[in-house]
Structures are given as structure tokens and as C-alpha cells.
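Everything below concerns the one structure shown next.
Throughout, numbering of the chain's residues begins at 1 and tracks the sequence. Everything numeric here is computed off the predicted structure, so don't read it as measured data. Worth knowing before you read on, the calculation uses all heavy atoms, side chains too, and leaves out hydrogens, waters and symmetry mates.
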Amino acid sequence: MSEMQDALNQILSNPEAMKQVQSLGEQLGLNKPAPKPEPKNEMLGAMQSLAPLMSSYSVDDEVSRLLNALRPFLGEEKLRRLDQAQRLMKLIKVIPLLKDSGLFF
């Protein structure tokens with residue numbers, strides 16, 4: 001076993017021997033980088049059409065700003081219900097955009 005390790009160490013320490021090993025690997029096709037899978041055009045198109053939808057989801061309107069201003073005056077239960085209502089309002093705002101994009105409906 002140590003003879004094999006010695007032989008490997010000699011090859012690894014010798015630049016000429018390393019070039020020969022690399023050349024042999026290239027001839028066998030071992031040094032070729034693996035091809036990267038390209039994203040499907042359908043997926044790319046879907047992501048591009050979803051980008052404006054996601055940006056419109058994060059934009060606050062006047063009602064959202066009003067509700068956020070009321071937060072310090074609400075109790076824990078009403079804050080929870082307010083969060084649910086705001087999420088629902090954002091989803092309702094995005095549904096027509098999803099329908100127009102043709103992705104889901």
C-alpha cells in the first residue's frame with residue numbers, strides 16, 4: 001500500500017508526469033467540464049411575467065398605510081386580524097394581474 005502512495009506522490013510532485021496524466025485524461029474525455037443545464041424558456045418566461053406581480057404585491061397603497069398607522073393602538077388579537085386582512089387585500093390586488101398574465105387562470 002505504501003508503494004502505491006509513493007508512486008502517487010512521485011507523479012504528483014513531477015510536473016511532466018502530471019502533464020502526461022492530464023493529457024491521458026483529456027484523451028479519455030475526463031477533463032471536460034460537465035455541461036450546465038440551460039433553463040427552460042417556459043420557466044424563464046414565467047419568471048419574467050411574475051416579476052411585475054411580485055413588485056406590485058410589495059407596494060403599499062393608502063389603505064395599507066392607514067392600517068399600519070393604526071397598529072400602535074390595537075391589541076394583540078386585532079393586530080393578528082389586521083395582518084390577515086392586509087395579506088388578503090394584497091392577494092385580491094394581485095389576482096387580476098395573474099389573470100391578465102395568463103399564468104394561472
(message) Quick check for you: to the nearest 0.5 Å, what is the distance between Leu79 atom CG and Gln84 atom CD?
(response) 11.5 Å

(message) Applying the side chain to side chain contact (heavy atoms under 4.5 Å, CB included) criterion to Asp83, which one of Arg80, Arg87, Arg81 satisfies it?
(response) Arg87

(request) Evaluate whether atom CD of Glu77 has more than 12 neighbouring non-hydrogen atoms of other residues, nucleotides or ligands under 6.0 angstrom away. (result) yes

(message) Check for me, please, whether Leu74 and Met89 land in the same ILVMFWY cluster - side-chain distances under 4.5 Å, paths through other members count.
(response) yes

(message) Hydrogens and angles aside, do Asn68 and Arg65 bring a side-chain donor and acceptor to less than 3.5 Å of each other?
(response) no

